[in-house]
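These notes concern the structure reproduced below.
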Amino acid sequence: AAASATTTKSGPFDRLPSSSLDAAFQGICLSESAVLQVFQAVCLGVQALHAAGFAHHDIKPHNVMLSNSTIDAETKVVLIDLGSCGPVAKIEVRSGAEAGMLEDRFSTTCSMPSRAPELWGNISKGARICGGEADVWSLGCLLYSLAFGLPFGPFETAAEGVRKLAILNATFCVPPSNANRSAALA
């Protein structure tokens with residue numbers, strides 16, 4: 001298969017010359033069509049992972065690569081960094097030691113701003129956690145970031161950083177207006 005002008009072949013894999021979504025569009029609100037294009041492509045990637053039996057557990061703008069510095073019909077969108085992947089099926093926690101091990105794993109491999117509430121700790125014996133539902137939470141955080149301007153998601157601010165209590169209580173505000181908002185979203 002021939003590689004496009006923006007993509008080179010490296011063995012069986014394409015090499016994307018551009019950068020991550022957050023690096024390319026930091027502080028810029030994308031047009032509605034760009035938001036939908038990127039979000040749909042990431043959702044298709046997550047759907048493929050789930051169909052293969054895996055959950056990503058670290059969906060965030062930094063783990064979305066683009067083949068171009070602009071988003072158009074030719075742009076390839078790729079979900080990267082599968083180092084946090086785990087089974088898509090829920091894990092039943094069988095012991096306190098296993099709960100502690102899972103808490104440690106999630107605290108080091110799942111980024112705080114998009115980490116689902118059930119992955120924040122207080123995991124106890126008998127809990128059933130960490131299925132594909134955690135990816136759905138992270139997808140919602142990604143969509144918020146795309147619509148309202150990177151780099152911040154719904155549960156973080158420049159002044160406060162990540163607000164764990166807001167995540168655990170699912171409390172956030174939709175910005176009333178945004179100076180960076182594109183005309184397409186206005």
Side-chain angles (χ1 to χ4, degrees), residues 1-4 6-25 30-68 71-94 98-99 101-121 123 126-148 150 153-155 167 170:
S4 72
T6 59
T7 306
T8 58
K9 282 295 196 186
S10 176
F13 302 103
D14 289 342
R15 177 174 289 162
L16 302 177
S18 194
S19 61
S20 65
L21 183 63
D22 63 340
F25 296 98
L30 303 174
S31 69
E32 183 177 355
S33 63
V35 167
L36 292 174
Q37 179 181 343
V38 170
F39 190 67
Q40 181 180 27
V42 173
C43 286
L44 289 172
V46 171
Q47 182 181 30
L49 270 174
H50 288 190
F54 297 98
H56 191 280
H57 296 153
D58 199 21
I59 299 167
K60 60 184 179 181
H62 187 74
N63 286 341
V64 177
M65 295 295 290
L66 304 172
S67 62
N68 303 326
I71 298 174
D72 57 31
E74 302 300 315
T75 304
K76 288 185 179 183
V77 179
V78 179
L79 183 61
I80 64 166
D81 190 3
L82 304 178
S84 299
C85 280
V88 75
K90 287 192 175 192
I91 299 168
E92 184 169 347
V93 181
R94 296 189 180 123
E98 184 179 20
M101 182 182 71
L102 287 169
E103 286 179 14
D104 288 345
R105 176 178 171 240
F106 297 134
S107 70
T108 58
T109 62
C110 303
S111 299
M112 290 173 41
S114 57
R115 188 184 316 159
E118 63 268 25
L119 305 183
W120 271 91
I123 299 172
R128 292 181 51 83
I129 60 159
C130 198
E133 296 89 348
D135 283 349
V136 174
W137 176 275
S138 299
L139 284 169
C141 294
L142 176 66
L143 182 59
Y144 181 100
S145 295
L146 291 170
F148 295 109
L150 302 164
F155 304 106
I167 292 171

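Each residue takes its place number in the sequence, starting with 1. Note that the coordinates shown come from a computational prediction; the quantities given were computed from them, not determined experimentally.
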In short, salt bridge (charged side-chain N to carboxylate O under 4.0 Å, His left out) pairs touching residues 36-54 with sequence neighbours left out are none

Throw together a table of side-chain donor-acceptor distances under 3.5 angstrom for residues 77-85, partners on residues two or more places apart or in other chains.
| from | atom 1 | to | atom 2 | distance (Å) |
| --- | --- | --- | --- | --- |
| D81 | OD1 | G83 | N | 3.3 |
| S84 | OG | T109 | O | 2.6 |

On a heavy-atom basis, the closest approach of E92 and E98 is O-OE1, 3.8 Å

Tightest non-hydrogen contact, residues E74 and S67, listed as O-OG, 4.0 Å

Hits for salt bridge (charged side-chain N to carboxylate O under 4.0 Å, His left out) against D58, two or more places apart or cross-chain, chain-then-number order -> K60

Value for CG (L30) from CD (E32), rounded to nearest 0.5 Å, stands at 11.5 Å

Residues 34-48, side-chain donor-acceptor partners within the protein, below 3.5 Å, at least two apart:
| from | atom 1 | to | atom 2 | distance (Å) |
| --- | --- | --- | --- | --- |
| Q37 | NE2 | D72 | O | 2.8 |

Here the pair of heavy atoms bringing S138 nearest to S114 is OG-O, 2.6 Å

In short, salt bridge (charged side-chain N to carboxylate O under 4.0 Å, His left out) pairs touching residues 135-148 with sequence neighbours left out are none

